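What follows is a short report on a single structure.
Please read these numbers as outputs of a predicted model, since none were measured by experiment. Numbering of residues begins at 1 and proceeds along the displayed sequence.
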Amino acid sequence: MRHRQLTAPRFGEPELLTEDCVPTPHGSEYGDEYQPLFPVQRSTWQILSSELNPVDVRKWRQKSWRWRAFKVIKVPIEILLLLTVPIVDPDKEDRNWQRPLNCLQLITSPLLCVFTLNAGAYGLYVINGIMPVWAIVLIFGTFLAAICFLTTKNEEPPKYHSLFSFLGFLASALWISAAATEVVNLLRTFGVIFRLSNTVLGLTLLAWGNSIGDFVSDITLARQGYPRMAFSACFGGIIFNVLIGVGVGCLVQMGPGRTSLQLEHQGLLVWILAGGLGISLVFSLLSVPAQCFHLRRGYGVALLFIYALFLTVALLAEFGVLKLEMF
């Protein structure tokens, strides 16, 4: 807001509109000059082909060859996401209603659900030795898509269009889960190659990969003038991961026939992990109230020092440099 007030045009000076800041009703970044004066009636196949094309011709011509090369790599993934993830945009006049694409997503999104859960085991399961689950889901999705296609129009979204947002949320969550599963499998592969334990992988690569999103979002919130929200999110994410992550993980591992889960408490590295977590929490518990909740630069430097020390000790213990007789 302060930046906008300083850069606002003075009275009597013409306001120059650039290509990046031209407001358009359809969300186009090229201005109103590229928008048709009259609405164009497109056929069903034209709507489907245009919505499944992630490449903008005008933008393609303006960008450099590096951007084009990276775009070529992303195009298959973007098309796959467009086919499976419905998007409801309330800022648009038609709320991003694309009749042929949304009907097609009623078929592809349920198939995505059954093929991503448990690495596709549920989708390949055959019921009574006759028909697999994916075939039943395909028939049911085709039936829903046919009803939706026959009872709607290209120009007007139906009353139940908002329900597609829940389907898009579920499909997005499943894509994220599938990607995270593949990342974990890759990390395990690296661990086998370099002979690293699962504890070190979770301590370094997996922890950094899980935290990079929170790291960027918290810094963005702090720079936008919400330091309390960012600081609360730092501890809120840890509490959620520890309580919900460990709790759900234990329930899943125990199953219906087990009432307890035995953790591997032997070894020096496990005690270093628990000690590092305890020391950091106790330090924050004592230092934050001691500073009357006015955090300064020294507090951040101390936390970085504790993490660097903890990571160094953990890696030395894993590679056998640091040993104790009791372990």
Connected-component partners of Trp175 among ILVMFWY, side-chain separation under 4.5 Å:
Ile77, Leu80, Leu81, Val85, Leu112
Apart from Phe235 itself, what residues make up its hydrophobic cluster when side-chain heavy atoms of I, L, V, M, F, W and Y under 4.5 Å apart count as a link, directly or indirectly?
Phe231, Phe283, Val288, Phe293, Leu295, Tyr299, Leu303, Ile306
Minimum heavy-atom separation for [X] and [Y], please, with both atom names.
X: Glu78; Y: Pro54; answer: OE1-CB, 3.0 Å
X: Pro158; Y: Arg95; answer: O-NH2, 3.3 Å
X: Val216; Y: Thr220; answer: O-OG1, 2.8 Å
X: Ser109; Y: Pro86; answer: OG-CD, 3.9 Å
X: Met131; Y: Ala135; answer: CG-CB, 3.7 Å
X: Ile107; Y: Gly141; answer: CG1-O, 3.6 Å

Please examine the side chains of [Y] and [X], heavy atoms only from C-beta on, and report whether any two atoms are closer than 4.5 Å.
X: Asn96; Y: Val88; value: no
X: Asn154; Y: Trp97; value: no
X: Cys113; Y: Leu170; value: yes
X: Cys148; Y: Leu106; value: yes

Reported [atom1]-to-[atom2] distance for the pair [X] and [Y], which is rounded to 0.5 angstrom:
X: Thr116; Y: Leu111; atom1: OG1; atom2: CG; result: 10.5 Å
X: Gln98; Y: Leu104; atom1: CD; atom2: CG; result: 12.5 Å
X: Leu285; Y: Ser280; atom1: CG; atom2: OG; result: 11.0 Å
X: Ser287; Y: Arg296; atom1: OG; atom2: CZ; result: 11.5 Å
X: Arg61; Y: Asp56; atom1: CZ; atom2: CG; result: 10.0 Å
X: Tyr307; Y: Leu311; atom1: OH; atom2: CG; result: 5.0 Å

same_hphob_cluster([X], [Y]) at 4.5 Å side-chain heavy-atom cutoff:
X: Phe70; Y: Trp67; result: no
X: Ile136; Y: Ile130; result: yes
X: Leu167; Y: Leu82; result: no
X: Leu138; Y: Leu124; result: yes
X: Ile87; Y: Phe166; result: no

Glu156 atom CD: more than 12 heavy-atom contacts under 6.0 Å
no
Got a sec: does the OH of Tyr160 have more than 12 other heavy atoms crowding it under 6.0 Å?
yes
Is there a donor-acceptor contact under 3.5 Å from the side chain of Ser165 to the main chain of Ser162?
yes
Tell me if a side-chain donor or acceptor on Arg99 pairs with a main-chain N or O of Phe149 at a distance below 3.5 Å.
yes
